[in-house]
Amino acid sequence: MNALLRRKIMGYIVSQAIFSVSRVGVPDLLADGPRPLPELAAEAGVDMGALGRFLRVLAAEGVFAETTPDVFGLTPMGELLRTDVPGSLSHLAELMDGEAYQAWSGAVHSLGTGEPGFDQVYGMPYFSWLAENAEAAERFDRAQAGLVRLRLLPLLDRDWSGVRTVVDVGGGNGVLMATLLEKFPELTGVVFDLPHVLAGSEPVLEKAGVADRVRLHGGDFFTSVPAGGDVYVLSQILHDWNDEQATAILRRLREAMPSGGRLLILEQVLPETSEPDPATLLDLHMLVLLGGRERTEKDWRELLAGGGFSLSGLVRGPRSALLEALPG
């Protein structure tokens, strides 16, 4: 019991070890199979002795394997740290490092107040900080683009018959819209986000060959949302905000949406009881980073009702759940 608790207390060492070896490209260097430590260290440009110590810790965690003495390879888990594999978590590792990690030094502030620790550590809200730090904003966009492929699978499996216009609210760099319109050529789209965020969407839409079917609309979803869509999508947006703020966003959508419209929400759904689930960790991270939260199905029903909607369907996917709501 003592040893188990000690491992949990020191768990941040495992996280930082993963972040560090990923940052210097070790997982990609092992794409073709195990390699000797001296060769691996030389190509990564790091100290051989230190790399061996990092990799042995992560081998004990099941991320790498020491196939023979001083020869290391990837396990199936470690393969997900490569940048070139479907479902890669390399961008998530990149995102959870840096400012997101440092924000946790303000976790006691979150615990005591229910407010984001990030603001306490950095002196401003996370999204305001990203607007002033271009490199971090690019890292955030890369991570979201990397994660969206799995997240939107429930959307791609949905029947889009009878739908003409899709509005992606908080659509960021347009990856979700580009992927959706690539698969469904009958659809047109609107990507709605803050003007400075939308700037990164044009090359994404052009590359996907769908730019001529998408309108970019700059604005603030706390003020208004473009009207006239058949389906509105919120992908990993509402978990950034507390209930009062999330309700305000939903009300702006309700005002913009025609009576026959539908709202599709891609988010995590927390278990109703205390049990191991990645969403419970993300729930705490949203609190510390943004003052937001993940929600149970019951929470979602109550939130939607407060915003003028009723939950009509829930489909759980490999990365996110798809909640479908109708104007209530």
Met124 backbone acceptor or donor facing Ser128 side chain under 3.5 Å: no
Which residue pairs pass the ring pair (Phe, Tyr, Trp, His ring centres under 6.0 Å) test with at least one member in residues 301-328, sequence neighbours excluded? none
Counting distance only, does the side-chain N/O of Asp283 pair as donor-acceptor with the main-chain N or O of Leu270 below 3.5 Å? no
All N/O donor-acceptor pairs, side-chain side in residues 205-215, below 3.5 Å, sequence neighbours left out:
from	atom 1	to	atom 2	distance (Å)
Arg213	NE	Leu187	O	3.1
Arg213	NH1	Leu181	O	3.3
Arg213	NH2	Leu181	O	2.9
Arg213	NH2	Phe184	O	2.9
Arg213	NH2	Pro185	O	3.4
Arg213	NH2	Leu187	O	3.0
Arg215	NH1	His217	ND1	3.0

Take Arg56 and Asp70 through the test salt bridge (charged side-chain N to carboxylate O under 4.0 Å, His left out) and record every step on the way to the result. CA-CA 9 Å; Arg56 288 185 185 98; Asp70 287 341; 2.5 Å; yes
Leu37-Val46 co-clustered via ILVMFWY side chain contacts under 4.5 Å: yes
When you measure from the side chain of Asp159 to the backbone of Ser161, do you find a donor-acceptor pair of N or O atoms at a distance under 3.5 Å? yes
Same apolar cluster (I L V M F W Y, side chains within < 4.5 Å links), Val163/Met177: yes
side-chain contact (heavy atoms from CB on, under 4.5 Å) for Arg293 and Leu287? Distances and angles first, verdict last. CA-CA 6 Å; Arg293 58 176 299 191; Leu287 169 61; over 6 Å; no
Between Glu272 and Lys298 the two heavy atoms that sit nearest each other are OE2-N, 3.6 Å
Starting at CG of Leu282, measure out to CD of Glu294 and round the result to the nearest 0.5 Å. 4.0 Å
To the nearest 0.5 Å, how far apart are CG in Asp47 and CZ in Arg53? 9.0 Å
Donor-acceptor pair, Asn133 side chain versus Ala136 backbone, under 3.5 Å? no
Carboxylate-amine/guanidinium contact Arg295 Glu302, below 4.0 Å: no
Evaluate the criterion salt bridge (charged side-chain N to carboxylate O under 4.0 Å, His left out) for residue pair Arg251 and Glu255; output intermediate values, then yes/no. CA-CA 6 Å; Arg251 287 175 178 166; Glu255 292 165 0; over 6 Å; no
When you check the gap from the basic side-chain N to the acidic O, do Arg164 and Glu186 get nearer than 4.0 Å? no
Evaluate side chain to side chain donor-acceptor pair (under 3.5 Å) for Thr165 paired with Thr188, printing each intermediate quantity in order. CA-CA 5 Å; Thr165 302; Thr188 61; 3.3 Å; yes
State plainly whether one hydrophobic cluster holds both Val231 and Val190, where clusters connect Ile, Leu, Val, Met, Phe, Trp and Tyr through side-chain heavy atoms under 4.5 angstrom apart. no
Parallel, tilted or perpendicular for Tyr126 and Phe140, by the 30°/60° rule? perpendicular
Run the ring pair (Phe, Tyr, Trp, His ring centres under 6.0 Å) test on Trp241 and Phe222 for me, step by step, so that the C-alpha distance in whole Å, both residues' side-chain angles and the decisive distance to 0.1 Å come before the verdict. CA-CA 11 Å; Trp241 308 98; Phe222 286 109; 4.9 Å; yes
Check the pair Glu324 / Arg262 against salt bridge (charged side-chain N to carboxylate O under 4.0 Å, His left out), numbers first and verdict last. CA-CA 7 Å; Glu324 183 162 347; Arg262 292 178 180 270; 2.6 Å; yes
Hey, could you give me the CD/CG distance between Glu43 and Asp28, rounded to the nearest 0.5 Å? 10.5 Å
Test item: Arg252 side-chain N/O and Thr247 main-chain N/O as donor-acceptor pair under 3.5 Å: no
Going only through I, L, V, M, F, W and Y residues with side-chain contacts under 4.5 Å, is there a path from Met257 to Trp160? no
Check against side-chain contact (heavy atoms from CB on, under 4.5 Å), Asn2 and Leu4: CA-CA 5 Å; Asn2 181 283; Leu4 180 60; over 6 Å; no
Taken to the nearest 0.5 Å, the spacing of Leu89 CG from Glu79 CD works out to 12.5 Å
Measure from the side-chain N and O atoms of Thr75 to the backbone N and O of Gly62, and report whether any donor-acceptor pair falls under 3.5 Å. yes
Whether Glu267 side chain and His239 backbone form a donor-acceptor pair below 3.5 Å: yes
At what distance, to the nearest 0.5 angstrom, does CD of Glu94 lie from NE2 of His91? 7.0 Å
Test side-chain contact (heavy atoms from CB on, under 4.5 Å) applied to Leu304 and Ser310, step by step: CA-CA 6 Å; Leu304 286 165; Ser310 59; over 6 Å; no
Quick check: does any side chain N or O of Ser88 sit under 3.5 Å from a backbone N or O of Arg82, one acting as donor and the other as acceptor? yes
Kindly say whether Asp277 contributes a backbone atom to a donor-acceptor pair with the side chain of Thr280 at under 3.5 angstrom? yes
Let's go through Met96 and Tyr101 carefully: what are the C-alpha distance in whole Å and the side-chain angles of both, what is the deciding distance for side-chain contact (heavy atoms from CB on, under 4.5 Å) to 0.1 Å, and is it a yes or a no? CA-CA 6 Å; Met96 294 300 288; Tyr101 180 79; over 6 Å; no
Leu30, Met77: one ILVMFWY side-chain cluster at the under-4.5 Å cut-off? yes
What residue among Leu266, Leu152, Val233 forms side chain to side chain contact (heavy atoms under 4.5 Å, CB included) with Leu322? Leu266
Hey, what do you get for CG (Leu234) to CG (Asp168), rounding to the nearest 0.5 Å? 8.0 Å
Would you confirm whether Ser110, through its side chain, and Glu115, through its main-chain N or O, come within 3.5 Å as a donor-acceptor pair? yes
